[in-house]
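Note sheet for the following structure.
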Amino acid sequence: MLSTAALRAHLLAARLAGPVATSREESLRRYRLFAARDPRVLLGLEPECDWSFTELLSLMGAKCGVSVDPATVSGPDVIDPELTIAALHAFADRLRAAAQDRLPVLLGTGHPHRLLGFYAALASALSAAGCRVLTPAHGRCIDITTRFGVRTHRLAYVRGIAMVQAPGARPSVSEPGAHTHSPLPVRVALGSAAESGGPLPGLVIGDHGWVCGAGQLGFEAIGLGDTDDPALFVGEAEGRVSVAVPLDDAVRSGYYRPLTRYVLNRACLSQ
């Protein structure tokens, strides 16, 4: 089993924590957009409080470890590995509880090219423990606003993990789906599950709009968030996201494998 010390060393070496690739400029820009309630960064969350830029910066310092000094405006952003490890422990605890109760689960990602392997390993372990891995609305078309305008995407499941595929795209092993922050896919998936009378998830696992969108609808949701994803941490602070794990969500896919092993071991789900 990977020790906590070894995990900490890996987080820093892979730049999953410590100085990360996400720039300070981008994080601050998105905090300002969130404070202005720009839907592009709310990720489906409807904040109960009016979060100011200063309050968001303080929250992200507490949740992620970023600098709370507004005068620090450039360079790489920073994640405290101790906060990542503590959140991974809470994440694993929720997985263990879901497995013990054999809850139906829904997993989805807006970072399929980076995080598919991480979530697929969780899906496999939960399925082996008796949890039903749900795949509602497979093949459904969804209109998503992108920087190129509104584009129709298709909801697909790869290894049990929901993602969207861009129009005309030919999914591959390295690019199984499109990057998105939209909460529309999880809304469509959950709406389809409800309409069909099929089981609803007892736990939603993912990132971006999958976590915030599900949490906003009242489903328990846990997931991963970068320093420029304040919505997940606001959702956690306001009680609509159960666990938000601070880490860089766009490093090489192989760098997440030690996290997978650590989380599954702690959750008593190792296969």
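Keep in mind that what you see is a predicted model, and the values were worked out from it rather than measured.
Taking all atoms of both residues into account, the shortest heavy-atom contact from A214 to A221 is CB-CB, 4.3 Å. Across all non-hydrogen atoms, the minimal contact from A97 to R94 is CB-NH1, 3.1 Å. For P104 against L134, the heavy-atom pair with the smallest separation is CB-CD1, 4.0 Å. Shown here for P230 and L56, the closest heavy-atom pair between the two residues is CB-CD2, 4.4 Å. Pairing each heavy atom of L232 with each of A244, the nearest pair is O-CB, 3.9 Å. D93 and R96 make their closest contact through OD1-NH2, 3.0 Å (heavy atoms, listed as atom of the first residue, atom of the second, distance).
Rounding to the nearest 0.5 angstrom, the gap separating the CD1 atom in I85 from the CG atom in L247 is 11.5 Å. Within the model, atoms CG of L107 and CG of L126 stand 7.0 Å from one another, a figure rounded to the nearest 0.5 Å. Here OG of S52 is found 11.5 Å from CZ of F34. Values are rounded to the nearest 0.5 Å. How far CD of E25 is from CG of L28: 7.5 Å, rounded to the nearest 0.5 Å. Distance check, rounded to the nearest 0.5 Å: CG of L155 to SG of C141 gives 9.5 Å. Note that CG of L116 and OG of S174 are 11.5 Å apart. Values are rounded to the nearest 0.5 Å.
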Inset, instruction - Would you please test L45 and R240 for side-chain contact (heavy atoms from CB on, under 4.5 Å) and show each step? - result: CA-CA 9 Å; L45 190 74; R240 270 160 294 165; 3.8 Å; yes

Inset, instruction - Please step through ring pair (Phe, Tyr, Trp, His ring centres under 6.0 Å) for the pair H111 and Y256, ending with a clear verdict. - result: CA-CA 13 Å; H111 273 296; Y256 297 99; 9.0 Å; no

Legend entry - Evaluation steps, side-chain contact (heavy atoms from CB on, under 4.5 Å), between R30 and D229: CA-CA 8 Å; R30 291 175 70 86; D229 292 325; 3.9 Å; yes

Inset, instruction - Show your working on side-chain contact (heavy atoms from CB on, under 4.5 Å) between K63 and E236 and close with a plain yes or no. - result: CA-CA 9 Å; K63 294 285 189 179; E236 187 179 39; 3.2 Å; yes

Inset, instruction - Please test L57 against M60 for side-chain contact (heavy atoms from CB on, under 4.5 Å), starting from the C-alpha separation and ending with a verdict. - result: CA-CA 5 Å; L57 189 58; M60 296 301 286; 5.6 Å; no

Inset, instruction - Report the C-alpha distance between D77 and T22 in whole Å, list the side-chain angles of each, state the deciding distance to 0.1 Å, and finish with yes or no for side-chain hydrogen bond (donor to acceptor under 3.5 Å, both in side chains). - result: CA-CA 6 Å; D77 223 333; T22 308; over 6 Å; no

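For the pair V150 and I144, the minimum side-chain heavy-atom distance is 4.5 Å or more. With a 4.5 Å cut-off on side-chain heavy atoms, H208 and H179 count as touching. Counting only heavy atoms from C-beta outward, the side chains of P201 and L103 never approach each other to under 4.5 Å. Annotation: side chain of C49 is not in contact with side chain of P47 (no heavy-atom distance under 4.5 Å). Considering only heavy atoms from C-beta on, H153 comes within 4.5 Å of T146 through its side chain. By the 4.5 Å heavy-atom criterion applied to side chains, I222 and V211 are not counted as neighbours. Side-chain contact between L7 and L88: present, with at least one pair of heavy atoms (C-beta onward) separated by less than 4.5 Å. At a threshold of 4.5 Å between non-hydrogen side-chain atoms, the residues L95 and V105 do not count as touching.
Among L203, I205, V186, the single residue meeting the side-chain contact (heavy atoms from CB on, under 4.5 Å) criterion with L106 is V186. Here the rule is side-chain contact (heavy atoms from CB on, under 4.5 Å) with T84, and of L224, L259, L12, V245 only V245 fits it. Between Y119 and the options T109, D207, T260, a side-chain hydrogen bond (donor to acceptor under 3.5 Å, both in side chains) holds for only D207.
Between F53 and Y31, the ring-plane angle classifies as tilted under the 30° and 60° cut-offs.
Using modelled atom types and a 3.5 Å distance limit, the side chains of Y262 and S3 yield no donor-acceptor pair.
Not a single donor-acceptor pair under 3.5 Å links the side chain of S192 to the backbone N or O of A189. Remark: the backbone N or O of T72 is paired with a side-chain donor or acceptor of R24 at under 3.5 angstrom. Distance alone, capped at 3.5 Å, is enough to place a donor-acceptor pair between the R15 side chain and the P19 backbone. Remark: the backbone N or O of A178 is not paired with any side-chain donor or acceptor of Q165 at under 3.5 angstrom. In this structure, E238 contributes its side chain and G235 its backbone to no donor-acceptor pair below 3.5 Å. A donor-acceptor pair under 3.5 Å is formed between the side chain of N265 and the backbone N or O of R261.
Connection of L217 to V234 is not established within any shared hydrophobic cluster, with ILVMFWY side chains joined at heavy-atom distances below 4.5 Å, either directly or through further cluster members. A single hydrophobic cluster is seen to contain both V204 and V188, as judged by linkage of ILVMFWY side chains at heavy-atom distances under 4.5 Å, directly or through other members. In the hydrophobic clustering of this structure, L115 groups with V158; members are Ile, Leu, Val, Met, Phe, Trp, Tyr whose side-chain heavy atoms approach within less than 4.5 Å, directly or through other members. When the side chains of ILVMFWY residues are joined at heavy-atom separations under 4.5 Å, either directly or via intervening members, F91 and Y255 end up in a single hydrophobic cluster. F118 and L16 fall within a single hydrophobic cluster, where Ile, Leu, Val, Met, Phe, Trp and Tyr are joined by side-chain heavy atoms under 4.5 Å apart, directly or via other members.
Between R29 and D228, none of the side-chain N atoms (NZ, or NE/NH1/NH2) sits under 4.0 Å from a carboxylate O, so this pair counts as no salt bridge. Ion pair E82/R8 flagged as a salt bridge, since at least one NZ, NE, NH1 or NH2 atom sits closer than 4.0 Å to an Asp/Glu carboxylate oxygen.
Sparse packing is recorded around CZ of R40, with 12 or fewer heavy atoms of other residues, nucleotides or ligands lying under 6.0 Å away. Surrounding CD of E26 are more than 12 heavy atoms belonging to other residues, nucleotides or ligands, all under 6.0 Å away. Within 6.0 Å of the CG atom in D50, the count of heavy atoms belonging to other residues, nucleotides or ligands does not exceed 12.
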